Amino acid sequence: MTSANTPRALLGGLTAEQFLSQHWQKSPLLIRGAFPGFASPLDPDDLAGLACEEGIESRLVEEKGPDKAWQVSHGPFDEATFARLPQHGWSLLVQAVDHYVPEVGELLESFDFIPRWRLDDVMVSYAPTGGSVGPHVDQYDVFLLQGSGRRHWQLGGSLGSEAKLIPGIDLRILEDFTVESDQDWVLEPGDMLYLPPGVAHHGVSASDDCLTYSVGFRAPSADEIVTAFADYVGEQIGETKRYGDADLAPPAHSSEMDDVAVERVRRLLLDAIDRPEQIAQWFGRAMTQPKYLDQLAAAETPTAPEAVRTMLTDGAELQRSLGSRFAWRRLDDDRATLFSDGDTLECDPALARALCDATRLDASLLTFSQAAEVLATLVDRGSLGWEDTQDH
Ligand code: SIN
Ligand code: CO
């Protein structure tokens, strides 16, 4: 991992520390030559091919659709769809391409200055000249990497949630979009634009081979956090703990709910949730939940740890399944929780770290205690698979 104070081409010469303190979640950054000589792993036909596959999330945005303006349709598409499209005025967007194309997944390794579990996916879009999804605002941080061709980006400043949208269409397109001075660029392959949440932006294809890779992040809303943590903690409390009022004094008015009653329930709630280790255990599970639960291919028969040991010793290698999410948390010097795809395992911290970060998962892992057992469990869950045998 590049150190926090090494200047990076990917960040336009800023160090990770400078980027995080000056731009992350704060202000846009244009980076010329972020990926020097970038060669797109996909061409527009490859993207159209992915959009025709069952189980891959894709959208087509047509400025003048067959039924209405800014019409959105969802894949899978077929050849007839592409054959009927006009020459201009549409965009094709395919979600989670990093799950299907290993070279796209590898792009994510360059973003190791942000916790991996903050990453959502890499969306790839194609648009012929003039195509766009209209000016809009996103809720999430995104790095927009130009893959091939050119795209004209314009930014319209930070907008609050009250910004007016065009009514009656499928998309959240801004009714008023005013370009801020100096916030107007044409990106070439390898150039990248970082946008924090809430910044109005408009990207219009400036060539017929325009592919844009959006490296998107995610952050759960407070509403999701409260609801999901309450569910998790609620399951563990059991039925016996209840609101109690052994200190009850005769009420002045028998129907009044007084401050003492409210304070009792507040205490019960705070006692139940103010548990840092339980929060950590829930958060690790929540942030490693797979994007598409049905893509996690669990084994039908359990894997014997001895078989894992033999295969690794014979030179086989494991790999993290495309789309699987891993994170780890140190419990003490000798133990860590490894989170994988919303589930947990306890193991040696060095093994947990290797399983999350190492580029090769080979026989060297067997030096860690209980490694074969941990690996067998992860294979059974579908979070790890044998190299070259994955059928994603
Ligand atoms: C696109 O790639 O067309 C749109 C990406 C974005 O604006 O978030
Ligand atoms: Co956007």
Side-chain angles (χ1 to χ4, degrees), residues 25 27-31 34 38 40-44 46-48 50-51 56-63 65 70-75 85 88-98 104 107 111 119-159 161 163 165-166 169-175 177 179-180 183-219:
Q25 300 235 295
S27 71
L29 178 67
L30 170 71
I31 307 149
F38 186 73
S40 175
L42 296 168
D43 64 26
D46 298 328
L47 195 71
L50 286 174
I56 296 189
E57 187 185 344
S58 61
R59 281 168 298 157
L60 186 61
V61 173
E62 293 173 78
E63 277 176 57
W70 293 109
Q71 188 170 334
V72 180
S73 27
H74 296 268
L85 285 172
H88 298 290
W90 54 273
S91 287
L92 173 70
L93 306 107
V94 181
Q95 219 61 54
V97 176
D98 52 311
V104 176
L107 272 180
F111 295 85
L119 262 169
D120 187 6
D121 70 341
V122 183
M123 179 192 83
V124 183
S125 74
Y126 166 73
T129 308
S132 84
V133 295
H136 65 279
V137 172
D138 295 316
Q139 300 288 320
Y140 302 103
D141 303 84
V142 64
F143 288 88
L144 298 153
L145 166 65
Q146 194 56 28
S148 68
R150 282 169 291 125
R151 190 180 278 269
H152 181 191
W153 283 104
Q154 297 180 306
L155 306 188
S158 285
L159 296 188
S161 52
L165 303 177
I166 300 179
I169 57 170
D170 299 338
L171 285 178
R172 298 175 55 81
I173 299 183
L174 294 167
E175 202 158 54
F177 177 75
V179 186
E180 293 209 320
Q183 305 280 286
D184 186 316
W185 313 278
V186 174
L187 270 68
E188 306 271 347
D191 292 348
M192 190 163 74
L193 178 61
Y194 163 72
L195 295 181
V199 171
H201 55 284
H202 188 26
V204 182
S205 164
S207 64
D208 279 334
D209 54 350
C210 174
L211 282 177
T212 303
Y213 291 66
S214 297
V215 178
F217 291 80
R218 67 211 166 104

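Note that the structure is a prediction, hence the values are computed from the model and not measured. Counting starts at 1 for both ligands and their atoms, following the listed order. Position 1 is the first residue of the sequence, and the numbers go up from there.
- In this structure, Ser132 and Gly203 approach most closely via the heavy-atom pair CB-O, 3.2 Å.
- Under the side chain to side chain contact (heavy atoms under 4.5 Å, CB included) criterion, Ser40 pairs with Phe38, Leu42, Ser148, Leu211, Tyr213, sequence neighbours left out.
- Listed by number with element, the atoms of ligand 1 under 4.0 Å from a non-hydrogen atom of His136 are 6 (C), 7 (O), 8 (O).
- Neither the backbone nor the side chain of Val142 comes within contact range of ligand 1; no heavy atom lies under 4.0 Å.
- In terms of protein heavy-atom proximity, atom 1 (C) of ligand 1 is nearest to Ser125 OG, 3.4 Å.
- Side-chain N or O atoms of His88 include one that pairs as donor or acceptor with a backbone N or O of Thr129 at under 3.5 Å.
- With hydrogens and angles disregarded, no donor-acceptor distance shorter than 3.5 Å links the side chain of Asp141 to the backbone of Phe217.
- Taking every non-hydrogen atom of His201 and a distance limit under 4.0 Å, the qualifying atoms of ligand 1 come out as 6 (C), 7 (O), 8 (O).
- Of the protein's non-hydrogen atoms, the one nearest atom 4 (C) of ligand 1 is Val133 CG2, 3.9 Å.
- Residues Trp185 and Leu193 have side chains in contact (heavy-atom distance under 4.5 Å, counting atoms from C-beta outward).
- Distances from the Co ion (ligand 2) to the N/O/S atoms of Asp138 are shortest for OD2.
- Gln146 and Thr212 share a donor-acceptor pair across their side chains, judged by distance under 3.5 Å alone.
- Nearest to atom 8 (O) of ligand 1 among the protein's heavy atoms is Asp138 OD2, 3.2 Å.
- Heavy-atom separations between Arg151 and ligand 1 include at least one value shorter than 4.0 Å.
- Counting just the N/O/S atoms of His136, the one with the shortest distance to the Co ion (ligand 2) is named NE2.
- Within 6.0 Å of atom CZ in Arg172, 12 or fewer heavy atoms from other residues, nucleotides or ligands are found, so the atom counts as exposed in its surroundings.
- Listed by number with element, the atoms of ligand 1 under 4.0 angstrom from any heavy atom of Trp153 are 7 (O).
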